[in-house]
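This structure is a prediction, so every number in the text was calculated from the model and none was measured. Residue indices begin at 1 and follow the sequence shown.
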Amino acid sequence: MTALTMSGGKTSILPGRGGLFGRLSDAFWRHPKLLLFLMLTPPLLWLGIIYIGSLIALLLQSFFSIDDFSGLVNTEFTLSTYAQLLNPVNFDIIIRTLVMSALVTLAAALIGFPIAYYAARYAQGKWKALFYLGVMLPLWSSYLVKIYAWKLILAKEGILTWIFEKLHLSWLLDATLNLPVIGGNSLSVSYLGTFIVFVYIWLPYMILPTQAALERVPGNLIEASADLGATPRQTFRTVLLPLALPGIVAGSIFTFSLTLGDYIIPQIIGSSRLFIGQAVYAQQGTAGNVPLAAAFSVVPIVIMALYLSLARKLGAFDAL
């Protein structure tokens, strides 16, 4: 077979193809880095300009302030806006959101682990398919539809109140609603109701990474632990939990971050006391205080940066 000389002194056993697309194909074959550059340029531009650029603009806005007299944004560099976050009202919003995010993450881990363990160690064939269907099905429905459905379920005239009445447990529900912090007139206007909906909405994001991590745990390690005389509790504490921890931490990234920034669920279900997402929406929209809204927005970014650095050390990224 005769070798054909191409441009640049290189040789090829195949003749060049004619036409525009043929010449482009030949050029990409000879210069694979050019193809990689053209493929990566659009998403990198989108990430750099739209996403990172907007974050930088947000960060810059947080160093501005609002003129108390005119209500206009003062573009001089200042840290006074961040100092406002330490005001009791604003600081309570941050603490309230952090506590809720941590509690939702903990509850999702406690509920999701047994489900993920059963799916990973025992479910086979059609039962595993039903497990995936049951976990994924809530994600296929509208986010708002699920929240409003829960608002009806938790309402004072809802099915949950009816169930408590039929079980003659209305006294228990009333006692719960009379608790000073988590209670309210009904579950639909209480922190407890907000907590329940948060756990329901984000639970699949905890189950799936945990189940994937548990499936990677070799069964012979558990058998060896039992053969060496370890009790089931010891096996869980010293073998299963450490190996499944990266998956749990990976799931917690989703549950914690999504709760931290959500403003729709507390807006529809819960009391009038704000979370960070609601504070950003109120300051940017109703109050027109864009610098304070930007400062509030920086708070979850900093928290998640610290959280992700810790999760990386625990190997969570390998379980995503």
Side-chain angles (χ1 to χ4, degrees), residues 6-8 10 16-66 72-79 81-82 97 101 136 139-140 142-144 201-202 204-205 208-209 212 246 249-264 276-285 288-320:
M6 298 190 304
S7 60
K10 297 181 181 180
R17 283 171 286 184
L20 176 62
F21 291 105
R23 289 194 296 271
L24 284 175
S25 178
D26 292 339
F28 290 148
W29 181 81
R30 291 192 300 268
H31 306 283
K33 291 184 178 180
L34 175 62
L35 177 60
L36 181 63
F37 173 77
L38 292 177
M39 291 179 64
L40 291 179
T41 297
L44 288 178
L45 285 175
W46 173 268
L47 181 66
I49 297 176
I50 304 300
Y51 184 70
I52 298 181
S54 62
L55 286 179
I56 294 175
L58 179 70
L59 180 62
L60 292 176
Q61 288 278 350
S62 67
F63 292 106
F64 299 158
S65 62
I66 284 287
L72 299 177
V73 176
N74 185 0
T75 57
E76 293 182 1
F77 182 88
T78 179
L79 294 176
T81 303
Y82 282 101
T97 308
S101 301
M136 298 295 293
L139 301 178
W140 299 345
S142 170
Y143 174 77
L144 283 175
I201 294 293
W202 308 137
Y205 298 97
L208 294 175
V249 177
S252 73
I253 293 174
F254 294 106
T255 56
F256 187 82
S257 62
L258 292 171
T259 306
L260 195 64
D262 194 286
Y263 73 97
I264 298 178
I276 288 179
Q278 293 172 286
V280 173
Y281 180 79
Q283 293 296 335
Q284 189 274 335
N289 193 342
V290 176
L292 184 57
F296 265 117
S297 301
V298 171
V299 173
I301 294 175
V302 173
I303 292 172
M304 285 310 304
L306 298 174
Y307 196 88
L308 289 174
S309 64
L310 177 62
R312 182 183 179 185
K313 293 180 180 179
L314 296 174
F317 291 172
D318 297 332
L320 289 174

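Here the side chains of Phe64 and Asn74 are not in contact, with every heavy-atom distance at 4.5 Å or above. Counting heavy atoms from C-beta outward, Thr81 and Gln61 have side chains that stay 4.5 Å or more apart. Here the side chains of Tyr205 and Ile253 are not in contact, with every heavy-atom distance at 4.5 Å or above.
Distance CD1/Ile49 to CG/Leu44: 10.5 Å, rounded to 0.5 Å. Taking CD1 from Ile52 and CG from Leu58, the interatomic distance works out to 13.5 Å, rounded to the nearest 0.5 Å. One finds the OG1 atom of Thr41 at 16.0 Å from the CH2 atom of Trp46 (value rounded to the nearest 0.5 Å). For the atom pair CD1 of Ile301 and OG of Ser257, the computed distance is 12.0 Å after rounding to the nearest 0.5 Å.
Relative ring orientation between Tyr82 and Phe63 is described as tilted, the plane-to-plane angle lying within the 30° to 60° band.
In the displayed structure, Tyr307 atom OH is contacted under 6.0 Å by more than 12 heavy atoms of other residues, nucleotides or ligands. A 6.0 Å sphere centred on OH of Tyr263 holds no more than 12 heavy atoms belonging to other residues, nucleotides or ligands.
Between the side chain of Thr259 and the main chain of Phe256, no donor-acceptor pair closer than 3.5 Å is present.
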For residues 290-298, which side-chain N or O atoms pair as donor and acceptor with protein atoms under 3.5 Å away, sequence neighbours left out?
from: Ser297; atom 1: OG; to: Ala293; atom 2: O; distance (Å): 2.9

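Remark: Ile264 pairs with Tyr143, Leu144, Ile147, Asp262, Ile268 by the side chain to side chain contact (heavy atoms under 4.5 Å, CB included) rule, at least two apart or across chains.
Applying the side chain to side chain contact (heavy atoms under 4.5 Å, CB included) test between Val299 and each of Ile276, Val280, Thr97, Leu260 identifies Ile276 as the sole match.
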